[in-house]
Every structure is written in structure tokens, then in C-alpha cells.
Amino acid sequence: MPAIVSVKDLNKTYKSGFEALRKVNLDIEEGEILALLGPNGAGKTTLISTICGIVMPSSGTVTVGGHDVVRDFRAARELIGLVPQELTLEAFETVINTVRFSRGLFGKPKDEAHIEKVLRQLSLWDKRDSKIMMLSGGMKRRVLIAKALSHEPRVLFLDEPTAGVDVELRKDMWQVVDDLRASGVTTILTTHYIEEAEAIADRIAVILKGDILLVERKDELMERMGKKQIRIELSHPIKEVPESIAQRGVQRSEDGSALIYSYDSRAERTGITALLNDLQAEGLQMTDLSTHQSNLEEIFVGLVKDNA
Amino acid sequence: MNTKAVAAIYKYEMTRFFRTLMQSFISPVISTSLYFVVFGAAIGSRIDSVEGVGYGAFIVPGLIMLSVMTQATSNASFGIYFPKFVGTIYEVLSAPVNFFEITVGYVGAAATKALFIGTVILMTSALFVDIRIEHPLAMILFLLLTCLSFALLGFIIGIWARNFEQLQLIPLLIITPLVFLGGSFYSVTMLPPVWQVITHFNPVLYLISGFRWSFFGVADVPVMMSLGAIALFTGLCVVAIWTIFRTGWRIRQ
């Protein structure tokens, strides 16, 4: 798959001297949903803002659809829709007018049918003539998305789309992103919520202190997450794992007081029953059993801690 | 050139204006009427004429300039400051538009509003006094250039301002005094010699003088000098805006 957004050696140092991005490299594939995970101040918004042209890069290049975002900004920005983190809207404007404005601003010809389609998709059609100040926070968020979709972008950036949004609306939002994927739109979203990344992303990138620590397919990460460990405490420490048990990939703990077995909890056969039978056959007595699963949150927290 | 974007910005700004049309329309009518009551009837009745023009008519060009300059400045500064303040500027900055298109959209709308108000004042004035316009084309040119240049100035102020106080500061502390002291309500020749010299350093004098010349054929300074002054002022504003966008000053980080 070709990269629709390509970030190369991107640095951004603000005037205050704060290094928001350090040599960031990231390729975003066409049609994928990429979740950008990171704690506050990690550089998520700076990265998005630089791609979208709001922040000027200190060095490095960004291309969107092959167009440099600085030198060839028109062609690059035409492809991009941006939904900012803050609910920035003019209070006295009506929903439909502000969405029409966005379409015109991006140089697209008038197309009321498209505007209607977008508003209906986001359940805003009934509110089209309402003043924005009359809307709830979740509705305002939808208006921002409608504005970003009004000019038919190929790449959509969602900066914390579900921050402060109730569960039901969050699900709706995920549905919208899913529908967009079906129509071939590439989506990049930043989030604090790991479940969100799990629920909709194809790939997950973890950013911390301006560095991209990890970019991985979600299913590969999930596979790592799907691995569970069982720890069997023995009443008497052993020096060696008996042959029949070692065959199953069981390892001895360092002091020999326990056995550790890794398995895929989602597999049809985990091999646990057979292992327990073998333990009995070998005459090993156990005192305790515990299982452990590393989830995305743990991977994330671990990464963040290691690099803190 | 992204003409659709220019049109979108212009239209959006104009709807803001039309939303408050009554306000936009009534306030200049009332203030003009007040000026005529105070300066025209109360004071003007004791002044026969200034340079052969009845005092009531004499102040019309100055009145129009006063409103046009302040309205163009405040409309343009608010037009760009407001999106900065509420944050909606992100959209303009991430849109496929260059500085020229952004400026044309915002400044064009602000200048249009000022032009509208100037026209309203002219028509209101016509209810009070007889107005003759000797050089209508020059009058239109001066009016358009004033709307444009002060809208450009307001645009710069709106980008510069970090808060609402700063937004009001320059119009209040600089533009209003300069307009009042620039011969809006009197001819410079009526001043003592020292003040005549000082007044000639006031750029607004040249604009009001030229504008008044287009009405009555009388001027405090040669009309070409007036035209030169406003052209120079417009040019300076354009260069300033170009520099602002090139460097991203107070707009792009």
C-alpha cells in the first residue's frame, strides 16, 4: 500500500525552546485508520498541526498525497480534513452555514447534496438551522467533523474526537470512522483512550516526548496481548523441568519454585488441562496457580515508563 | 487563485454584518443626525461659511471619513481577531489558501461594510443640507481607497492584538484623535500658524482634504498630494501584511 502521508525526519522546536517533535518518521498508508496514542504533551497535536499546515516545521519534510505541505501547500491541504481537539466554533452561526463555509474555503464548488449527506450521516440534518450555541458538546463535535468532511478529504485527522463525549456518541463516532474507511478515507486519530485505539484502529503509533516509540499493526499488538502466562507454584523447588513437561514449552522460574507456561487464550486448545495432567503424572505438587495477561495499556505504560 | 475560498470568507463575513443590519444601519444614521444637530444647527448657525461652503455641508466629507475610517478599521480588526480569539482560525490556516486570498476575503468584507456605512451617512446628510459633488469619480476613488487602506490597517491590528483591550487601543488612541485633528470639522486655515504646521504631519489631513476637494473643489493641501498620501498608506499596509504572512508572525507557530 502506498503511503498517503509521509513524515520524514520531522523536527519542531517552538520559539520558547520546547522541542515538541524530534526526528519523527511516520508513513501512513492509504485507507488505513491509524491511532496516535500518547500522554498529554507528547507531541500528538503538534504532529497533526504540522501535517495540516498550522504549525511550520523546524526541519524535515511532510508530504500528503505526494505533495510537500510547505512548498505545495494547496495540493496537500486540499486532501486534508482536520477536526481539532477544542470545540472551536462561532456561536452565532447556523450549523449548515458553517459547514458550507468550510466547503467553499477549501475551494470546492457548491454541492448541497453532499452537505446534506454529511449532515445526515452525522445526525445533524434536523439541527441544520440551529445556532451552534444551542447545541450540546457532543453535537458541536459532530459539527466540527461535518466541517472537515464538507470538502471531501482523502485524509481525515481527528484530534481527540471522543474527549468528553458520552459512551453512546463515542460508538456513533466509531461508526462514522468505519463508514469513512469504507469510502476509502484515511483516518488518523489521536486519543488517550486505549480502548478506542483497540476498537477502530488498524495500526497504532505510540508517541512520547516528541518521539514515535512504536508503530505496529493492531492485530500484531493484540496477538502479543492475547498471550497469557500461567504460573504454577510448586510445593518443592525443582532443579530441572521433567522431559514430558519441558516438551510443552514450559519453563522453570529462576529459583525453581515455579513453572511458567505461555499460551494463547484465544486458541481452541490452550494445553492447560494436558499440562496439569502431566504435572500429576510426574508427581509434582502445586501450591498456587496464577495467570497473567499483558494488555495494550500495559504495553503502552511500559513504553512510556521505559522512556520517561 | 482560490476564488471560491475568497468568496466563502467574504460571504461569511458579510452574513455577520447582515445579521446585525439594523444596528449597522441605524447607528450611523443616528450619529450623523446628532452631528448635524450639534455642529450644523447649533454651532454652524453662527458660522456663515468655510471657504465659500456652508458649514453644514462643509463637515459632510469629514463626517463620512470619520465613520468610514473607524468602521473599516474596527470591522477588519474584529473580523480577523475574532477567529483567533475563539480558535476557528485553525480552519483558515489549514485551508488551501494563501495570505493574499485570506486578506482579500477579510479586508474586502470590512471595506464593503465601511463603504455601506459611508453611503448611508452621505444619504442621511443629504436630508439635512444641500450637497454638491464636483468630482464624483474622484470622490468614489477617495472613498474606496480610504475603505480599503483602513481595512488593511484594521487587519494588521487584528493580527497584532492579543486581547480585546489591544484591539480597541489603536482605533481609540490614534485613529480617532487623528481624524478629529485632521480637519474633519474645520479648515486647517482656521488654525493658528503653529498648529497649521503640526497638522500637516497628520496623514489623515491629506485624506479628508482630498475627499473634501472632490465635493467642493476646495482643499487644504494639493489634491495630488492627497492621492499620493493615501496610495503610500495603502502600499505600506500591503507590505506590512505581506511580511506578517511571510514570517507567520502571531499567526503560525
Side-chain angles (χ1 to χ4, degrees), chain A residues 12-16 18 20 45-46 48-58 64 67 69-70 72-94 97-98 100-110 131-132 144 147-148 150-151 153 157 159, chain B residues 1-24 75 78-106 108-109 158-159 162 243-253:
Chain A
K12 175 65 191 179
T13 308
Y14 285 106
K15 271 190 197 138
S16 60
F18 177 67
T45 300
T46 300
I48 284 189
S49 300
T50 312
I51 298 171
C52 295
I54 295 167
V55 171
M56 297 306 279
S58 301
V64 178
H67 310 285
V69 296
V70 178
D72 199 6
F73 70 91
R74 269 187 215 275
R77 290 186 200 165
E78 270 174 14
L79 304 173
I80 300 175
L82 168 65
V83 181
Q85 194 172 333
E86 307 289 336
L87 295 173
T88 44
L89 287 161
E90 282 193 25
F92 300 104
E93 199 47 80
T94 62
N97 271 347
T98 188
R100 282 181 186 139
F101 167 71
S102 300
R103 185 171 171 88
L105 190 62
F106 277 73
K108 290 276 156 55
K110 211 174 156 182
K131 289 213 164 98
I132 285 160
L144 286 174
K147 278 166 79 71
S150 68
H151 58 271
F157 287 90
D159 201 356
Chain B
M1 174 102 170
N2 188 345
T3 48
K4 293 208 176 60
V6 175
I9 295 174
Y10 183 85
K11 215 174 127 192
Y12 196 73
E13 284 299 297
M14 290 311 284
T15 27
R16 205 210 305 277
F17 178 63
F18 286 120
R19 253 198 316 258
T20 53
L21 188 64
M22 282 318 279
Q23 239 167 293
S24 316
N75 276 319
F78 187 77
I80 188 70
Y81 177 75
F82 192 62
K84 261 176 59 184
F85 176 71
V86 297
T88 50
I89 190 83
Y90 84 88
E91 195 174 24
V92 177
L93 294 180
S94 64
V97 290
N98 63 16
F99 89 92
F100 181 72
E101 291 149 2
I102 297 175
T103 310
V104 171
Y106 281 105
I159 291 172
R162 289 194 196 274
T243 312
I244 285 171
F245 277 93
R246 197 173 44 84
T247 58
W249 182 71
R250 296 211 174 168
I251 300 183
R252 277 200 170 87
Q253 290 167 304

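From a predicted model like this one, the values you see are computed outputs, not experimental measurements. Proteins come first, then strands; the chains are lettered A, B, ... in the order of their sequence lines, and each starts at number 1. Both backbone and side-chain heavy atoms feed into the values below; hydrogens, waters and symmetry mates do not.
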(request) Check whether A:K110 gets within reach of chain B through its side chain, its backbone, both or neither, counting any heavy atom under 4.5 Å. (result) neither
(message) Between B:V6 and chain A, with a heavy-atom cut-off of 4.5 Å, which part of the residue counts as in contact: side chain, backbone, both or neither?
(response) neither
(request) Would you give the length of the straight line joining atom CG of B:N98 to atom CZ of B:F245, rounded to the nearest 0.5 angstrom? (result) 9.0 Å
(request) Using a strict cut-off of less than 4.0 Å between a Lys/Arg side-chain nitrogen and an Asp/Glu carboxylate oxygen, indicate whether B:K4 and B:E101 qualify as a salt bridge. (result) no
(request) Please look at A:E86 and chain B and tell me whether the side chain, the backbone, both or neither of the residue comes under 4.5 angstrom of a heavy atom of that chain. (result) neither
(request) Side-chain contact test, heavy atoms from C-beta onward, threshold under 4.5 Å: evaluate it for A:T98 versus B:T88 and give yes or no. (result) no
(message) Need one label for A:S102: side chain, backbone, both or neither, based on atoms under 4.5 Å from any heavy atom in chain B.
(response) both
(request) Determine the sole option in B:Y106, B:Y12, B:F78, B:Y90 for which the side chain to side chain contact (heavy atoms under 4.5 Å, CB included) test with B:P83 is passed. (result) B:Y106
(message) Report which part of A:I80 has an atom under 4.5 Å of a heavy atom belonging to chain B: side chain, backbone, both, or neither.
(response) neither
(message) Can you tell me how far apart CG (B:N75) and CZ (B:R16) are? Round to the nearest 0.5 Å.
(response) 9.0 Å
(request) Side chain from CB out, backbone as N, CA, C, O: work out which of these in B:A95 comes under 4.5 Å of a heavy atom of chain A, or both, or neither. (result) both
(request) Using a 4.5 Å cut-off on heavy atoms from C-beta on, say whether the side chain of B:I80 contacts that of B:I89. (result) yes
(message) Looking at chain A, which one of B:A5, B:A8, B:S94 has the largest number of heavy-atom pairs inside 4.5 Å, strictly under?
(response) B:S94
